[in-house]
Q: 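Take this structure, written in structure tokens, and hold onto it; I'll ask about it next.
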Amino acid sequence: MGFITRFLVFMSLFTSLVSGFALQKLPLIQFDEGYTQLFGDQNLIVHRDGKSVRLTLDERTGSGFVSNDIYLHGFFSSSIKLPADYSAGVVIAFYLSNGDLYEKNHDEIDFEFLGNIRGREWRIQTNIYGNGSTHLGREERYNLWFDPTEDFHQYSILWSLSHIIFYVDNVPIREVKRTASMGGDFPAKPMSLYSTIWDGSKWATDGGKYGVNYKYAPYVSQFTDLILHGCAVDPTEKFPSCKDEAVQNLRLASEITESQRNKMEIFRQKHMTYSYCYDHMRYKVVLSECVVNPAEAKRLRVYDPVTFGGIPHGHRRGKHRSRSRLARTESI
């Protein structure tokens, strides 16, 4: 076996280790080591072990927390258990954003969990945008292969210079590759990690048909196994950069292995219910990065793009809270 062949085999094995084993073995952190309460007063409770936190939504307020540091790329993860029973209108978000720093041109990478009426399942929505391109929603929506209210499941975001990958229980469910045509729409500025629970009655369940019913409150979401493996930077620098070699090596993890890609394709075929790439009511011209699959288009056509489309921009404000309001109790 020649040197080049041996090197390629080594890199293949190394990439597999980084993208699979290594990400699963990243160190967990105590809540106080990495996060601060964002809003919600007594509706945020840190467990005695310091490793878990509970967020609650009731008639008074939702709640949320935010990372102490601001990151340029990294791997961000938490195991989350969602509220059971009637949960229509409830939104739980696990996301990266820099809206506090860039009000008119901020970036965001979203995991959003959308509640439902009794007897219907929670849905997951992912979205990304950069440079304030909120008018170009890149949402996808999925069902799950398990009941997220019965136990904890891991939800993770890998963000590198060239890729964004969303994972559920270490299975990649969506890959976003940076392309030249996307330009500034790809998130590229330093961001904080947020987790929140809030009232999304106006849009979250069947386009606002079903809202939060506080007869079933409090709605409790639980977070544990917290991972913040990112490159902390000073956002006041004119050109913040990452010099953390360990985080820079995460670019190798953005190379999805053949086994992972097969799992991702199976998930998307079975569980994806909406993709912006097939929403002709919103986009008369398909966005440049979309690869249109006729079979996928046919399968998704059974879902109503009006009901299951993107978030109206005017309703996104409920999710994000400024750091200047950390100690305030907010009304819904």
Side-chain angles (χ1 to χ4, degrees), residues 37-47 52-66 78-95 110-127 137 139-153 155 168 194-224 271 273-274 302-321 325 328-332:
Q37 181 169 2
L38 182 65
F39 72 105
D41 199 21
Q42 289 89 4
N43 279 11
L44 182 151
I45 296 177
V46 179
H47 292 197
S52 304
V53 62
R54 187 175 72 190
L55 296 182
T56 298
L57 168 68
D58 58 24
E59 295 92 337
R60 299 180 307 109
T61 182
S63 50
F65 57 88
V66 61
S78 178
S79 291
I80 305 172
K81 185 178 180 182
L82 304 180
D85 203 1
Y86 183 98
S87 57
V90 177
V91 180
I92 294 166
F94 179 77
Y95 65 107
D110 297 334
F111 252 128
E112 292 178 307
F113 306 89
L114 310 177
N116 218 326
I117 61 176
R118 182 183 285 124
R120 293 188 184 178
E121 300 173 341
W122 281 78
R123 285 85 25 84
I124 292 183
Q125 180 162 279
T126 62
N127 191 18
E139 296 96 342
E140 289 187 352
R141 194 171 291 190
Y142 329 88
N143 296 320
L144 292 166
W145 66 93
F146 53 80
D147 183 347
T149 71
E150 290 184 346
D151 204 350
F152 287 91
H153 291 270
Y155 305 92
V168 177
Y194 294 84
S195 291
T196 57
I197 182 171
W198 55 284
D199 186 329
S201 294
K202 293 182 179 180
W203 67 270
T205 306
D206 287 1
K209 181 178 179 181
Y210 302 101
V212 174
N213 186 338
Y214 287 102
K215 178 177 74 173
Y216 298 98
Y219 297 97
V220 178
S221 57
Q222 301 179 67
F223 296 74
T224 191
H271 299 287
T273 60
Y274 171 84
V302 301
Y303 299 98
D304 179 2
V306 175
T307 301
F308 295 99
I311 305 172
H313 176 55
H315 299 320
R316 297 192 63 91
R317 64 183 181 275
K319 182 179 63 174
H320 191 76
R321 296 289 189 267
R325 303 165 75 179
R328 290 182 56 182
T329 300
E330 301 182 2
S331 301
I332 297 298

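Count residues from 1 along the sequence. No experiment lies behind these values; they were computed from the predicted model shown.
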Q: Kindly say whether Ala88 contributes a backbone atom to a donor-acceptor pair with the side chain of Thr205 at under 3.5 angstrom?
A: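 Checking the backbone N and O of Ala88 against the side chain of Thr205, no donor-acceptor pair under 3.5 Å is found.
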
Q: Is there a donor-acceptor pair closer than 3.5 Å between any side-chain N or O of Ser195 and the backbone N or O of Gly64?
A: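 Absent.
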
Q: Locate the shortest heavy-atom distance separating Arg123 from Gly115; write the atom from each residue and the value.
A: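 Scanning both residues, the minimum pair turns out to be NH2-O, 2.9 Å.
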
Q: Looking at side-chain heavy atoms only, is the closest gap between Asn116 and Leu114 below 4.5 Å?
A: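 Contact flag for Asn116/Leu114 side chains = no.
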
Q: Can you name the closest pair of heavy atoms from Glu121 and Leu144 and give their distance?
A: OE1-O, 4.4 Å

Q: Do you know which two heavy atoms are closest between Val91 and Gly200, and how far apart they sit?
A: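 Smallest heavy-atom distance, with atoms named: CG2-CA, 3.9 Å.
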
Q: Let's go through Phe94 and Phe223 carefully: what are the C-alpha distance in whole Å and the side-chain angles of both, what is the deciding distance for ring pair (Phe, Tyr, Trp, His ring centres under 6.0 Å) to 0.1 Å, and is it a yes or a no?
A: CA-CA 10 Å; Phe94 179 77; Phe223 296 74; 7.0 Å; no

Q: Would you name the heavy atoms of Thr224 and Ser78 that are closest together and state the gap between them?
A: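 Looking at all heavy atoms of both residues, the closest pair is O-OG, 3.2 Å.
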
Q: Quick one: which of Trp122, Tyr210, Tyr216 gives a ring-ring contact (aromatic ring centres under 6.0 Å, His included) with Tyr86?
A: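 Going through the options one by one, the only one that passes is Tyr216.
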
Q: What pair of heavy atoms forms the shortest contact from Pro148 to His153, and how long is it?
A: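 Taking every non-hydrogen atom into account, CA-CD2, 4.3 Å.
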
Q: Would a distance-only check, ignoring hydrogens and angles, find a side-chain to backbone donor-acceptor pair under 3.5 Å from Asp147 to Thr149?
A: yes

Q: Is any side-chain heavy atom of Tyr142 less than 4.5 Å from a side-chain heavy atom of Thr273?
A: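 In short, these two side chains do not touch, never coming nearer than 4.5 Å.
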
Q: Could you check whether any side-chain heavy atom of His47 comes within less than 4.5 Å of a side-chain heavy atom of Gln222, counting everything from C-beta outward?
A: yes

Q: Would you call the rings of Phe113 and Tyr155 parallel, tilted or perpendicular if under 30° counts as parallel and over 60° as perpendicular?
A: perpendicular

Q: Roughly how far, to the nearest 0.5 Å, is the NE2 atom of His271 from the CH2 atom of Trp145?
A: 6.5 Å

Q: If you apply the rule side-chain contact (heavy atoms from CB on, under 4.5 Å), what do you find for Thr56 with Tyr219, and how did you get there?
A: CA-CA 5 Å; Thr56 298; Tyr219 297 97; 6.0 Å; no

Q: Can you check whether Phe146 reaches Asp151 side chain to side chain, under 4.5 Å on heavy atoms?
A: no

Q: Does a side-chain heavy-atom distance below 4.5 Å link Ile92 with Pro83?
A: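 With C-beta onward as the side chain, the pair touches.
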
Q: Return the minimal non-hydrogen interatomic distance between Val212 and Val90, and the atom names on each side.
A: CG2-N, 3.8 Å

Q: Between atom CG of Asp206 and atom CD1 of Ile117, what is the distance when rounded to the nearest 0.5 Å?
A: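 If I round to the nearest 0.5 Å, the distance is 7.0 Å.
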
Q: Begin from the C-alpha positions of Asp199 and Tyr214 and carry the test side-chain hydrogen bond (donor to acceptor under 3.5 Å, both in side chains) through to its verdict.
A: CA-CA 10 Å; Asp199 186 329; Tyr214 287 102; 2.7 Å; yes

Q: Donor-acceptor check, side chain of Arg54 to backbone of Val46, threshold 3.5 angstrom: yes or no?
A: no

Q: Side chains of Arg141 and Gln125: any donor to acceptor distance under 3.5 Å?
A: yes

Q: Report yes if the side chains of Leu55 and Thr196 come closer than 4.5 Å at any heavy-atom pair, otherwise no.
A: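 No, every pair of side-chain atoms sits at 4.5 Å or beyond.
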
